[in-house]
Every structure is written in structure tokens, then in C-alpha cells.
Amino acid sequence: MKREEGQSLVEFALTAPILLLLMAGIVNFGFIFYTYLNMTITTQESARLASLGKSDCQVGDYINQNLNVMGEDKLVLPSCSTYNTTSTSKSLVATVNPIGSSRKSGDTVTVTLTYSISNLTPILNQFLKPVTLTTKTSILVE
């Protein structure tokens, strides 16, 4: 009769790394998808605020307060002096076109958010590059 005392341990040792990578991928995908949905909602609301006559700095304040991105990341909004900093790879870049002073009734205002998100799981950083998410919304100015 054969001895099979270590069979289960060997099978677990072979399948555990694959299962852990699969779980890490699922968690990472969920985090990226959550961030994308959050960016989409924030972009839509920011475009609505811009269409109602709010300044670019007020739109930037709304984005800064309502978008949950990583703590060390900074908002860059070139048309507002408060958020007009140098863009880095860890930046949330927002653009509002046309800028606040030139928007008039009947124009279309477009808000775009771009964010480069790194992988949540350090293991996946070995295999995958950061993902760049972009959302864009256009709406008529009231």
C-alpha cells in the first residue's frame, strides 16, 4: 500500500500562490473600478457646477473635497491659481474648458479628470504597470 500522508500539503503548496494572485487581482480590479466610478460621478457633478456659473477654483474645491484618491496625490487644475501646481505622476489632473471667465450661456463646458492609479497590491506592481483613468463630461452652460 502507498503512503499518501503529504499529498494534501503538496497540492495546497502548488495551488496556494495561484489562488493568492487571483485574489489580489480581484481586489485590485475592484479598487480601480471603484476609483473610476468615483471619478465619473465627480466629473459629472463638476461639469454641472461649471455650467451653473461656478468659477474654476470652486469646481476645483468640489473635486478636491469629493474625490477619494490616495492621500499623497495632489489635484492639478491649470485654470485655477490655488491648484496650479506642477503635474507629477501622482497627480489628479483636471481641466475645465472653456475657462470660467469665457463661459457664456449656450456654450458647452467640458470637465476632464485624469488620474494614474498604481496597483493596490504590491505583488501586482511586479507584473502590471499603473493604470491611467480618464473621465470626461460635457454639458451646456445655463
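Any value given below was found using the heavy atoms of this structure, including those in side chains, with hydrogens, waters and symmetry copies removed.
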message = Just to verify, what does N64 make a side-chain hydrogen bond (donor to acceptor under 3.5 Å, both in side chains) with, not counting sequence neighbours?
response =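 In terms of side-chain hydrogen bond (donor to acceptor under 3.5 Å, both in side chains), with neighbours along the sequence ignored, N64 is linked to no residue.
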**Request:** Output all residues satisfying side-chain hydrogen bond (donor to acceptor under 3.5 Å, both in side chains) with S138, sequence neighbours left out; order by chain, then residue number.
**Result:**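 Only T110 meet the side-chain hydrogen bond (donor to acceptor under 3.5 Å, both in side chains) criterion with S138.
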Find the distance between [atom1] ([X]) and [atom2] ([Y]) and round it off to the nearest 0.5 Å.
X    : Y   : atom1 : atom2 : value
I18  : L22 : CD1   : CG    : 9.5 Å
M23  : L19 : CE    : CG    : 9.0 Å
E11  : L14 : CD    : CG    : 8.0 Å
D107 : S51 : CG    : OG    : 11.5 Å
I63  : T42 : CD1   : OG1   : 7.5 Å
I41  : S46 : CD1   : OG    : 11.5 Å

query: Any chain of hydrophobic side-chain contacts (each under 4.5 Å) joining L140 to L49?
result: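 Unlinked, L140 and L49 end up in two clusters.
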inquiry  = Membership question, hydrophobic clusters at under 4.5 Å side-chain separation (ILVMFWY): are M39 and F31 in the same one?
reply    =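 Yes, F31 and M39 fall within the same hydrophobic cluster.
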**Q.** Non-hydrogen side-chain atoms of L67 and L75 separated by less than 4.5 Å
**A.**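 No, every pair of side-chain atoms sits at 4.5 Å or beyond.
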Which atom names give the shortest non-hydrogen contact between [X] and [Y], and what distance separates them?
X    : Y   : answer
L133 : Y36 : CD1-N, 3.9 Å
I139 : A47 : CG2-O, 3.3 Å
G60  : L77 : CA-CD2, 3.8 Å
P78  : A94 : CD-O, 3.3 Å
C57  : T82 : SG-OG1, 4.2 Å

Hey, which of T95, T137, N97, V93 is the one that makes side chain to side chain contact (heavy atoms under 4.5 Å, CB included) with T112?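 Answer after filtering T95, T137, N97, V93: T95.
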Could you name each residue pair satisfying salt bridge (charged side-chain N to carboxylate O under 4.0 Å, His left out) that touches residues 49-66, not counting sequence neighbours?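 Passing the test, one end in residues 49-66: D56-R103.
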